[in-house]
Amino acid sequence: MGESKRRKEALGQDYGKSEPVFSKIPFWTKGQASQFVKITTQASWIGIGLTVAIWVTVRFVGPGFGWWHLAE
């Protein structure tokens with residue numbers, strides 16, 4: 001029998017309800033951890049978008065308007 005089955009039998013009806021997700025952060029519930037993952041994933045995509053926007057500005061927009069010249 002696997003560990004999860006033993007835990008499920010031991011907890012009974014309470015299995016899966018408000019269990020700590022991270023062992024080092026025992027006060028986080030599954031819902032809080034899910035929200036944390038959602039927010040950090042969205043922030044990562046925003047960061048990627050900003051990086052692309054900055055690169056396009058530095059590579060194309062700035063030299064196009066004559067603001068600076070790229071080294072050759």
Side-chain angles (χ1 to χ4, degrees):
M1 181 184 290
E3 179 63 27
S4 64
K5 288 183 182 179
R6 280 191 214 99
R7 216 173 28 247
K8 187 173 184 179
E9 287 179 359
L11 292 174
Q13 291 290 76
D14 292 333
Y15 181 74
K17 294 182 181 175
S18 299
E19 290 182 20
V21 176
F22 303 119
S23 60
K24 301 214 186 246
I25 309 173
F27 52 86
W28 276 21
T29 62
K30 287 183 180 181
Q32 290 169 328
S34 175
Q35 186 176 9
F36 174 76
V37 169
K38 180 181 174 185
I39 290 169
T40 55
T41 301
Q42 186 177 14
S44 298
W45 281 112
I46 290 170
I48 290 168
L50 286 174
T51 302
V52 169
I54 291 169
W55 178 80
V56 167
T57 301
V58 169
R59 180 65 181 94
F60 299 109
V61 176
F65 285 117
W67 295 340
W68 59 78
H69 300 282
L70 297 176
E72 292 185 31

Taking the basic N atoms (NZ, or NE/NH1/NH2) and the acidic carboxylate oxygens, is any pair closer than 4.0 Å for Arg6 and Glu3?
yes
Mind checking whether Phe65 and Leu70 sit in one hydrophobic cluster, side chains of I, L, V, M, F, W, Y counted as touching below 4.5 Å?
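Shared cluster, yes.
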Gln32: partners by side chain to side chain contact (heavy atoms under 4.5 Å, CB included), with sequence neighbours left out:
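Per chain and number, Gln32 pairs via side chain to side chain contact (heavy atoms under 4.5 Å, CB included) with Trp28, Thr29.
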Could you pull out all donor-acceptor pairs under 3.5 Å where a side-chain atom in residues 40-48 meets a protein atom, sequence neighbours excluded?
{"unit_1": "Thr40", "atom_1": "OG1", "unit_2": "Phe36", "atom_2": "O", "d": "2.9"}
{"unit_1": "Thr40", "atom_1": "OG1", "unit_2": "Val37", "atom_2": "O", "d": "3.1"}
{"unit_1": "Thr41", "atom_1": "OG1", "unit_2": "Val37", "atom_2": "O", "d": "2.7"}
{"unit_1": "Ser44", "atom_1": "OG", "unit_2": "Thr40", "atom_2": "O", "d": "2.8"}

If the condition is ring pair (Phe, Tyr, Trp, His ring centres under 6.0 Å), which residues does Trp55 pass it with, not counting sequence neighbours?
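Residues passing ring pair (Phe, Tyr, Trp, His ring centres under 6.0 Å) with Trp55: Phe60.
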Residue that, paired with Val58, satisfies side chain to side chain contact (heavy atoms under 4.5 Å, CB included) out of Val56, Val61, Ile54
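The residue from Val56, Val61, Ile54 that satisfies side chain to side chain contact (heavy atoms under 4.5 Å, CB included) with Val58 turns out to be Ile54.
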